[in-house]
Engineer: 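I have a structure here, written as structure tokens, and I will follow up with some questions on it.
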Amino acid sequence: MNKSHVLATLAIALLLLSGCAGRRPKTRSMSPEDSTAVTDTSWAPQETPRIDPVHMPPPEWTGQTFILLPKNEMFRKFGYELYGTADLGNALAPADTSAFLLNGRLRADLYGGAELFVRAVSSFGDDYLVRFFIRDRSLEVFGRTRQDAIEGLVLREDLRRARNRWSGDTIYSVRRQIDLFDSSKARFSSIPVSLSEPLAVDSIAIGQSPLPPKPIWVFVSRESGGKGFIPVHFGWTNVIKSEQYDADHPWKEDILEGNPRELFAWDEYYWQAIDQHKVLTGMSPDQVRLSWGPPEKRRQKDKSDGTSIKHWEYESATLIFVNDSLTAE
């Protein structure tokens, strides 16, 4: 091979190497529900960021999908407050007697777990009229919000986000209990757990209506072998206004995402009170919440001088916080 041929061969090799260096392997985009295993993770992020909740008031529901919570057997005879016409329950007869009860309500024995796509939302006095479409049944239904909510619905996106955030994780019960449900007797019960007891998340699913009122159930296992679930809100979408408290994370009063003694660097003086279900002057709302649980009612007033006053009402007492410090009963 002469000198000119050698130089030409070297030039071609350099061009090929430079071209390969500038290329990255192609990756296939995946939908959230895609369960196909990824074999080449060289370009995948090392950690998946936690997904935070979102809140959508009814005017923003158009285009969203909700899931209709199954009803306990004893409540199925009442149906859902969803109707076949925009007249709601005022129509002379149900639009379809195979889908609706004689009172015009959607049958709960047939439609529990159905997915409802929101076609339109319009004003309805102080509330909203929501027009849904059940795709797999080709059925249109209508519902009226009351305080921004329609009973028995959960945003499908909230379920997906909850699964993304907690699947395979360890959580802790703020209420110091996990719930049980006996389907044969349609009866709920609970078993106590300690505040610092780690609970392994087994699965996350929609719950039942009408009780308990929180629509997403986080199923957990104890190290001792017991199992149960914790009902939570993942977001404030379709939650009545009076139950929407001021918190970044709606599950804050039900679960913690880490051992509380590691999450909160509080003095042992307060931890002893929390472990004994006591409240002390100077406690913060978070400390009281871990000790007594969430209040039955709450009120807040902000004064012109910047002072914030909170009233938390429990069955046995009313607690008053001034600038997030417990001052009196």
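We count residues from 1, following the sequence as given. Just the heavy atoms: all of them, side chains too, but no hydrogens, waters or symmetry mates, feed the values below.
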Engineer: What distance do Q287 atom CD and K278 atom NZ have between them, rounded to the nearest 0.5 Å?
Structural biologist: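 Taking CD in Q287 and NZ in K278, the distance rounds to 15.5 Å.
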Engineer: Taking the six-membered ring of F100 as reference, does the NZ or CZ atom of R105 fall below 6.0 Å from its centre and within a 45° cone about the axis?
Structural biologist: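 R105 over F100 ring: no.
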Engineer: Do the side chains of F234 and E157 get nearer than 4.5 Å, heavy atoms only?
Structural biologist: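 Heavy-atom side-chain distance check fails, nothing below 4.5 Å.
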Engineer: Mark yes or no for whether H277, through its side chain, and S291, through its backbone, hold a donor-acceptor pair below 3.5 Å.
Structural biologist: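 Yes; judged by distance alone, with no hydrogens or angles, the pair exists.
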Engineer: Determine whether K310 and R298 make a side-chain contact, defined as any pair of heavy atoms from C-beta on separated by less than 4.5 Å.
Structural biologist: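 K310 vs R298: side chains apart.
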Engineer: Can you find a pair of side-chain heavy atoms, one from L290 and one from Y172, that are under 4.5 Å apart?
Structural biologist: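 The answer is no, as the side chains (C-beta and beyond) never meet within the 4.5 Å cut-off.
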Engineer: Is it true that N323 and S325 share a donor-acceptor pair across their side chains at a distance under 3.5 Å?
Structural biologist: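 Per modelled atom types, S325 and N323 side chains form no pair under 3.5 Å.
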Engineer: Under 3.5 Å, side chain of E223 to main-chain N/O of P198, donor-acceptor pair present?
Structural biologist: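 Flag not set: sc E223 to bb P198 has no pair under 3.5 Å.
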Engineer: Under the criterion salt bridge (charged side-chain N to carboxylate O under 4.0 Å, His left out), I'd like the reasoning laid out for E197 against R222: C-alpha separation, chi angles, the key distance, then a yes or no.
Structural biologist: CA-CA 8 Å; E197 179 177 350; R222 307 177 68 186; 2.7 Å; yes
Engineer: Taking atom CG of L139 and atom CZ of R135, what is their separation to the nearest 0.5 Å?
Structural biologist: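 Here the rounded value is 13.5 Å.
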Engineer: I'd like to know if V118 and V141 are part of one continuous hydrophobic network [Ile/Leu/Val/Met/Phe/Trp/Tyr, side-chain heavy atoms within less than 4.5 Å].
Structural biologist: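 In one cluster with V141: V118, yes.
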Engineer: If you measure from CE on M283 to CG on L326, what distance do you get to the nearest 0.5 Å?
Structural biologist: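 So the CE of M283 and the CG of L326 are separated by 8.0 Å.
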Engineer: Could you check R146 against I240 for side chain to side chain contact (heavy atoms under 4.5 Å, CB included), going step by step and ending with a plain yes or no?
Structural biologist: CA-CA 7 Å; R146 300 185 187 279; I240 63 175; 6.0 Å; no
Engineer: Contact between I309 and D302 at the side-chain level, heavy atoms closer than 4.5 Å - yes or no?
Structural biologist: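 Of all side-chain heavy-atom pairs linking D302 with I309, none is under 4.5 Å.
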Engineer: Has the side chain of Y270 got a donor or acceptor atom that lies under 3.5 Å from a matching backbone atom of V279?
Structural biologist: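 No, the answer is negative, given that no donor and acceptor are paired below the 3.5 Å cut-off.
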Engineer: Assess whether a salt bridge exists between D182 and R187, defined as any Lys/Arg side-chain N lying under 4.0 Å from an Asp/Glu carboxylate O.
Structural biologist: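 Here D182 does not pair with R187 in a salt bridge, since their nearest N and O are not under 4.0 Å apart.
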Engineer: Are F124 and Y83 linked, directly or through other ILVMFWY residues, by side chains that come within less than 4.5 angstrom of each other?
Structural biologist: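 F124 and Y83: one cluster.
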Engineer: Parallel, tilted or perpendicular: which one describes the rings of W266 and W271, with boundaries at 30° and 60°?
Structural biologist: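 Answer is tilted, since the angle falls between 30° and 60°.
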Engineer: Do side-chain atoms of T327 reach the backbone of I320 as a donor and acceptor pair under 3.5 angstrom?
Structural biologist: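 A pair under 3.5 Å: yes.
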Engineer: Quick one, D286 with K252, criterion salt bridge (charged side-chain N to carboxylate O under 4.0 Å, His left out). Give me CA distance, side-chain angles, the key distance, then yes/no.
Structural biologist: CA-CA 9 Å; D286 280 337; K252 186 176 181 180; 3.4 Å; yes
Engineer: Please report the shortest heavy-atom distance between K227 and S221, naming the atom on each side.
Structural biologist: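 Heavy-atom minimum between the residues: NZ-OG, 2.7 Å.
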Engineer: Heavy atoms, side chains only, cut-off 4.5 Å: are V218 and V201 in contact?
Structural biologist: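 When only atoms from C-beta onward are counted, V201 and V218 do touch, with a gap below 4.5 Å.
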Engineer: Centroid separation under 6.0 Å, is that true for the rings of W166 and F219?
Structural biologist: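 No, the ring of F219 stays outside the 6.0 Å limit from the ring of W166, centre to centre.
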Engineer: Check the surroundings of atom CD in E313: do more than 12 heavy atoms from other residues, nucleotides or ligands lie under 6.0 Å from it?
Structural biologist: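 Counting neighbours around CD of E313, more than 12 heavy atoms of other residues, nucleotides or ligands fall under 6.0 Å, so yes.
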Engineer: Please assess E81 against R144 for the test side chain to side chain contact (heavy atoms under 4.5 Å, CB included), listing each intermediate value before the final yes or no.
Structural biologist: CA-CA 8 Å; E81 290 189 68; R144 177 185 180 177; over 6 Å; no
Engineer: Do T237 and D148 have side chains that get closer than 4.5 Å, going by heavy atoms?
Structural biologist: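 Of all side-chain heavy-atom pairs linking D148 with T237, none is under 4.5 Å.
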Engineer: How close do A114 and I134 get, heavy atom to heavy atom, and via which atoms?
Structural biologist: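 In this case the closest contact between A114 and I134 is CB-CG2, 4.2 Å.
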Engineer: Do L155 and M56 have side-chain heavy atoms sitting under 4.5 Å apart?
Structural biologist: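 A side-chain contact under 4.5 Å exists here.
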Engineer: Mind checking the CZ-CZ spacing from R107 to F78? Nearest 0.5 Å is all I need.
Structural biologist: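 So the CZ of R107 and the CZ of F78 are separated by 15.5 Å.
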Engineer: For the residue pair R119 and F132, would you count it as a cation-pi contact if the rule is NZ or CZ under 6.0 angstrom from the ring centre and within 45 degrees of the ring axis?
Structural biologist: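 The answer is no; the distance or angle limit is not met.
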Engineer: Of all heavy-atom pairs between A99 and Y111, which one has the smallest distance, and what is that distance?
Structural biologist: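 Scanning both residues completely, I find the closest heavy atoms to be CB-OH, 3.4 Å.
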Engineer: Distance only, no hydrogens: is a donor on one side chain within 3.5 Å (strictly under) of an acceptor on the other, for S190 and D179?
Structural biologist: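 Judged by distance alone, the side chains do not pair up.
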Engineer: Quick check: closest heavy atoms across V193 and Q177, and the distance to 0.1 Å?
Structural biologist: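 It is CG2-N, 3.6 Å.
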Engineer: After noting the C-alpha distance and the side-chain angles of E257 and R165, does the key distance pass the salt bridge (charged side-chain N to carboxylate O under 4.0 Å, His left out) rule?
Structural biologist: CA-CA 10 Å; E257 298 173 311; R165 188 175 181 101; 2.5 Å; yes
Engineer: Check step by step if salt bridge (charged side-chain N to carboxylate O under 4.0 Å, His left out) holds for R261 and D275.
Structural biologist: CA-CA 11 Å; R261 283 183 173 264; D275 289 339; 2.9 Å; yes
Engineer: Taking atom CG of D267 as the centre, report whether more than 12 heavy atoms of other residues, nucleotides or ligands fall under 6.0 Å from it.
Structural biologist: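 More than 12 within 6.0 Å, yes.
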Engineer: Closest heavy-atom contact between E151 and P210?
Structural biologist: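 Closest heavy-atom pair between E151 and P210: OE2-CB, 3.4 Å.
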Engineer: May I ask whether V154 and W217 are part of the same hydrophobic cluster, defined by side-chain heavy atoms of I, L, V, M, F, W, Y residues being less than 4.5 angstrom apart, directly or through others?
Structural biologist: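 Per the 4.5 Å side-chain linkage, V154 and W217 are not co-clustered.
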Engineer: Could you please spell out the steps behind the side chain to side chain contact (heavy atoms under 4.5 Å, CB included) verdict for K71 and Y80?
Structural biologist: CA-CA 9 Å; K71 281 203 170 192; Y80 296 103; 3.7 Å; yes
Engineer: Could you state the interatomic distance from CD1 (I178) to OG (S173), rounded to the nearest 0.5 Å?
Structural biologist: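 Here the interatomic distance stands at 8.0 Å.
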Engineer: Can you say whether the rings of H249 and W251 are parallel (under 30°), tilted (30 to 60°) or perpendicular (over 60°)?
Structural biologist: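 Ring orientation of H249 relative to W251: parallel.
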Engineer: Rounded to the nearest 0.5 Å, how far apart are CG of L82 and CG of L116?
Structural biologist: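 The distance works out to 6.5 Å.
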Engineer: Under 6.0 Å between the ring centres of F66 and W61?
Structural biologist: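 Ring-ring flag for F66/W61: true, centres closer than 6.0 Å.
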Engineer: Identify the heavy atoms of N238 and A149 that sit nearest to each other, and give their distance.
Structural biologist: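 The pair with the smallest heavy-atom distance is OD1-CA, 3.2 Å.
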Engineer: Give the cluster check for L153 versus F133: same hydrophobic cluster or not, with ILVMFWY residues linked at side-chain heavy-atom distances below 4.5 Å.
Structural biologist: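 No; tracing contacts between hydrophobic side chains, which count when under 4.5 Å, never links both residues.
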Engineer: Would a line drawn from the ring center of F188 to the ring center of F181 be shorter than 6.0 Å?
Structural biologist: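 Ring centroids of F188 and F181 are less than 6.0 Å from each other.
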Engineer: Just wondering, do P294 and R175 contact through their side chains at under 4.5 Å, heavy atoms?
Structural biologist: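 Answer yes - side chains close enough.
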Engineer: Hydrophobic clustering (ILVMFWY, side-chain heavy atoms < 4.5 Å, transitive) - are L180 and F229 grouped together?
Structural biologist: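 No; L180 is not reachable from F229 via cluster members.
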Engineer: After noting the C-alpha distance and the side-chain angles of I230 and L199, does the key distance pass the side chain to side chain contact (heavy atoms under 4.5 Å, CB included) rule?
Structural biologist: CA-CA 10 Å; I230 303 174; L199 302 169; 4.1 Å; yes
